[in-house]
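In what follows, a structure is listed as structure tokens, so that the remarks can point back to it.
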Amino acid sequence: MCPLFFLMCTDKYGGWTGMLTEMTKASCYTACNDLVASGRDRKPNALVQVAVIDPHKQHLVTHACTEIVEANKDPLFLTGVTFPSEHPTSPETLVKLTVYDAKDKSQESNSFLGSATFSVGDLLRAKDERLTLSLRSSDGGCSAGTVVVSRLKMGEMEEVDVDHITTDIPSQKCPLVCESASHACVDRENNPLTGPVFKNPVCKVYRFQTVDSKWMLVREQMEECTLSFSIPKQLLSLYIQEDMRRVQDLRELGELSPHWDNLRKEVMTRYGGIISSYQETLAELDKITGRSFKPSCCKAQKSLEFIPINLHTQRMRVTCPRKTDAFYDIVTVGAPAAHFQGFKCGGLQRLLSRYEAEKKSFSTAYQCIYYSPEHTAKAQEVLSTMSLLQPLITSLADQLLQAAQEHSSTGIKDALKNLSDKTEQFVHTLKDELVKSALLALHTAQPGYVSKNQKQTPVQAGQHQGHIHQHSDQNQSPVQGLPGHSPATPVTESTLVCNNVEGSQTTTRGEGGPLPLKHQDSIPHHKEYDEEEWDRVWANVAKCLNCVIAMVDKLQEEDNSKQETVPEQQLADVITSHNPGDWREQLCPLVTRLKECVMEVVEKAKKAMTFVLLQEAACSIPQGFLLQQRRDVVFSQALAALACGFVMRLYAGMQDKGFMRQLHLVGLVAQFESLLSTYSEEIGMLEDMEVGISDLQRVLFKITEAKTDDLSDLQPLVCGRRDHFTVEVPLPRLVFQTLPEEIKEGKPLRVFPVLFNVGINEQQTIAERFGDISLQERINQKNFEMLEAYYKSLSEKVPLECLPCFQTQTDIKELLETLGQNVVTKKRKNVEILWIAGTICRRLNGIRFTSCKSAKDRTSMSVTLEQCALLRDEHQLSKDFFIRALDCMRREGCRIENVQKNIRCRKYAFNMLQLMAFPKCYRPPEGTYGKADS
């Protein structure tokens, strides 16, 4: 927060207290005159250190520091002084300014020049709120020069001689703070929506000169996000619930043959281990209070592995002469990766590819049926859809009966339409050969099963009957063959699977594979499997629905015919004497039968899909479970970051009708910039990150009306299961009412995540010269195509006038062409890919993310470079000030404060050798880097 004073207020949406808001927009700036250096023949390298003195405790707290102005006895400092909420001020508060001569840029050997003290009340009472103070030397004697302190407000103009700044700029009068043409832009301090999610702000202010010698005021604000912990904790609870349901579903499969029962027990044991581990992690996270981010030094801590690394938001607000205030947001987060599990064998992308390749051999060795990832995903989708539709159909059926009870023609018509729609959706979901073939496979896994024709396998028999779907890509059914046999191997009578034989159990792993199957002459014959049964059961649902529709039509026709034949004067008597229960009595048996048929279908399909997932799990023990845990960890970090960015972008665009239209018609692009190298462990991190970002495509957002305006009711909520999650973002009632109708009605909102990576450090140099950068090239090409497809969809559905206006008039289509050319160009450390992708994201109203391993060092270089580039391109920052602005932000801005928060040291973790490999614009100023933890 940047003001001198703060107060508790009630927000404009009513009753929301506790928000810290500024009384007046103000910041202090300093300048010095006639400084005397320790060596009389040289000009000092001046900097000012600001400390706050509590008048009651007489305690001195070092608060801020300006940048170093080199070789100047009359320096004017570009870095302002702010007073955040942790240092509340009053008129009695004393501020001490100490001026040093920096002998080197690391500020480790500073020479004291002088100090001055003033109270906030003195500054407020001073003419023009400007003080000129004499600097006193250490012995309190002669003056070492003067220091000028100005309290400057947004909207005020003040003249100052600028030749104090640099000798190569002509002396002239320029405004210190520029008037804003509009204060309509969204401001964190005045926006009541930021309270539930963003906290612990750090603010820095600067003044920079434009090309026309005017002054702009720039404010950085960095904040933590409560979603760093709340989203992972909610996900852990959902993971636990989903796995516990899976265990219960496995129990409800009923009696299985010894072979399958042993596999089921092993899978349930594995699930139990994951559940126990997740419960322990959740219990540890529940113990943490008051913390809103995970420091980079804790990246490999087991109890925090689901928490994103160093997640922060950063906003740069710019006030320029005669222009509307502008702001630019970015989310910084460590690359989503499983640091605790390590990267010895690579990351998720490589591990998943290897796992799928090996799974087929596992399924043969351990007598499982191999299902492709598409079949597994379909099984999960069917289970998820059934769990949603079955209770909905039951509820709608009850609504139909209630409307019949009330004899409401309109009510019964509406209820029937909704019931028909959901029942048809239910039937369509189950119209898949995977369900039918899985039921056959489940029947073969039951004790004492023997095929109807012992000369054929059940699958072959099914193919003969024409019931197994032939896939164009494999020409195989989803059931690839009986356990232990490839589809091409005929199963003769001597090798028939007899599920009651003890010999059909497999050996434990590592003991030479499965035992040979034994044949017995005496087999207890169970009821033969009727392959037509599923078709009948499934079709009964549609038949029952048709019966209900026919009965409703009949009842309404009879009612209409009665009303037409009765004379008008007797109509009221007929309606009064009509028994409302007649309709319900006639509909009730049909509706009950419909519900029973739906339940029967759900029971069978649920068992079939559970059996598919059992085989998926059984043929991948233990690797599949370890990969699922790794994927859960990475996804948790990625979703927390995405939710943070979505909420930040939503709050900022609430008043923008074009943005809200784009949000519900198309969705938002979320552009992740990564600076990881493609060498050593960082390859594994990038492989994890690629999968984690891709998995975000399974996430939808929904905006809801909060129950109350209490902060606890405004926290985003997560619901769903691994194959599909929804993040609900509650808004206060009055804010919610201003949204487009489509959003208020609960329309799911999509986000399109794209990832671009360019390594910039010395490890990337090694990879480019001696290693392999194909991973980076593939990622950039694939995501460029996704970004291009998003723009095509956007331009077809939303007028381009809805997109924000920028000073740079380059057409988005032209930017995409340039990006495409850079993606395919063989150029070392081609950071232009990142710059152009970031520009396109902002032009598309998107959400910007920047990541490296810890979001601390390389990320800081990227964020500050992007901010200065925006000042140059959009606000005419003078080229003479570009490097100074960059150095100010890197030396004393929010990013060095981020480093301090993470490792308790104000040094970027670079050494000189590393920086020689960095592109020049990504190198920090001298004195700000050194040996430090990352």
Side-chain angles (χ1 to χ4, degrees), residues 18 193-202 222-242 277-314 331-341 629-648 650-651 688-689 692 695-696 699 701 706 710-720 722 725-730 847 849 851 854-856 859 898 901-903:
L193 295 176
T194 61
V197 175
F198 305 111
K199 60 189 296 187
N200 298 334
V202 174
M222 179 182 70
E223 291 177 291
E224 299 168 15
C225 183
T226 59
L227 302 185
S228 286
F229 280 79
S230 70
I231 293 292
K233 287 165 69 173
Q234 292 181 68
L235 276 178
L236 276 166
S237 296
L238 292 172
Y239 290 153
I240 292 168
Q241 293 171 22
E242 181 178 345
S277 173
Y278 286 5
Q279 287 173 335
E280 290 176 10
T281 300
L282 187 57
E284 289 297 316
L285 293 178
D286 284 336
K287 295 176 184 177
I288 300 173
T289 57
R291 193 167 166 184
S292 299
F293 85 108
K294 178 173 81 172
S296 62
C297 56
C298 299
K299 66 171 69 73
Q301 189 171 322
K302 171 80 168 70
S303 61
L304 298 177
E305 63 177 341
F306 287 86
I307 309 300
I309 302 165
N310 190 21
L311 175 61
H312 283 79
T313 64
Q314 187 156 323
V331 178
T332 59
V333 62
H339 289 272
F340 173 76
Q341 298 181 34
Q629 286 179 275
R630 189 182 191 101
R631 201 166 189 170
D632 288 347
V633 166
V634 174
F635 178 76
S636 173
Q637 297 177 26
L639 181 59
L642 179 65
C644 169
F646 181 87
V647 171
M648 187 184 193
L650 175 67
Y651 289 176
D688 273 357
M689 186 177 186
D695 283 349
L696 293 176
V699 178
F701 287 83
D710 188 74
L711 296 185
S712 61
D713 287 330
L714 293 162
Q715 285 287 338
L717 301 174
V718 186
C719 58
R722 283 183 178 92
F725 285 105
T726 300
V727 180
E728 296 181 355
V729 182
I847 312 169
F849 299 83
S851 297
S854 62
K856 177 175 61 66
T859 295
N898 182 270
K901 288 175 70 172
N902 277 273
I903 61 173

Problem set entry | Note, Asp713 side chain near Pro730 side chain (heavy atom, < 4.5 Å) | no

For this session: Could you check if a side-chain atom of Pro308 sits within less than 4.5 angstrom of a side-chain atom of Ser228, using non-hydrogen atoms only?
Result: yes

For this session: Check whether any side-chain N or O of Asp688 sits under 3.5 Å from a backbone N or O of Ala338 as a donor-acceptor pair, and report yes or no.
Result: yes

For this session: Answer yes or no: is there a side-chain heavy-atom contact under 4.5 Å between Ser854 and Lys299?
Result: yes

For this session: Taking the side chain as every heavy atom from C-beta outward, state whether Asn898 and Gln314 have any atom pair closer than 4.5 Å.
Result: no

Exercise. Does some side-chain heavy atom of Leu238 sit less than 4.5 Å from a side-chain heavy atom of Phe725?
Worked result: yes

Exercise. Listed by chain and number, what are the side chain to side chain donor-acceptor pair (under 3.5 Å) partners of Gln301, not counting sequence neighbours?
Worked result: Ser303

Seminar exercise, completed: Leu285 meets the side chain to side chain contact (heavy atoms under 4.5 Å, CB included) criterion, sequence neighbours left out, with Phe229, Lys233, Leu236, Thr281, Ile288, Leu304, Ile307

Exercise. For Val634 and Gly692, which heavy atoms make the closest approach, and how far apart are they?
Worked result: CG1-CA, 3.6 Å

Name every donor-acceptor pair, under 3.5 Å, that has one atom in a side chain of residues 638-647 and the other anywhere in the protein, sequence neighbours excluded.
none

For this session: Enter the distance from Lys856:NZ to Asn310:CG here, rounded to the nearest 0.5 Å.
Result: 8.5 Å

Problem set entry | For Pro295, all residues meeting side chain to side chain contact (heavy atoms under 4.5 Å, CB included), sequence neighbours excluded | Arg291, Phe293, Cys297, Cys298, Asn902

Exercise. Out of curiosity, Ser277 OG to Gln629 CD, how far, rounded to the nearest 0.5 Å?
Worked result: 5.5 Å

Problem set entry | For Glu284, side chain to side chain donor-acceptor pair (under 3.5 Å) partners two or more places apart | Lys287

Problem set entry | Counterpart residues, salt bridge (charged side-chain N to carboxylate O under 4.0 Å, His left out), relative to Glu728 (two or more places apart) | none

For this session: List in chain and number order the residues that pass ring-ring contact (aromatic ring centres under 6.0 Å, His included) with Tyr278, two or more places apart in sequence or in another chain; answer none if no residue qualifies.
Result: Tyr239, Phe306

Seminar exercise, completed: Residue set satisfying salt bridge (charged side-chain N to carboxylate O under 4.0 Å, His left out) with Glu242, at least two apart, ordered chain then number -> Arg246, Arg722

Exercise. Is any side-chain heavy atom of Val202 less than 4.5 Å from a side-chain heavy atom of His312?
Worked result: no

Exercise. Quick one: does Val633's side chain get under 4.5 Å of Phe340's, heavy atoms only?
Worked result: no

Problem set entry | Thr226 (side chain) donor-acceptor with Val197 (main chain) under 3.5 angstrom | yes

For this session: Compare every heavy atom of Pro716 with every heavy atom of Val727, then report the nearest pair and how far apart it is.
Result: CG1-CB, 4.2 Å

For this session: Not counting sequence neighbours, list each pair that qualifies as a salt bridge (charged side-chain N to carboxylate O under 4.0 Å, His left out) and has a residue in residues 303-312.
Result: Lys302-Glu305

For this session: Quick one: pull up CD1 in Ile309 and NE2 in His339 and give me the separation to the nearest 0.5 Å.
Result: 3.5 Å

Exercise. Residues in side chain to side chain donor-acceptor pair (under 3.5 Å) with Ser712, at least two apart?
Worked result: Asp710

Seminar exercise, completed: Residue set satisfying side chain to side chain contact (heavy atoms under 4.5 Å, CB included) with Thr859, at least two apart, ordered chain then number -> Thr332, Thr850, Cys852, Ala855, Val863, Arg895

For this session: To the nearest 0.5 Å, tell me how far Leu311 CG sits from Leu227 CG.
Result: 8.0 Å

Problem set entry | Considering all heavy atoms, the nearest Ser292-Lys199 contact | OG-CD, 2.9 Å

Exercise. Would a 4.5 Å heavy-atom cut-off, applied to side chains only, mark Gln234 and Gln715 as touching?
Worked result: no

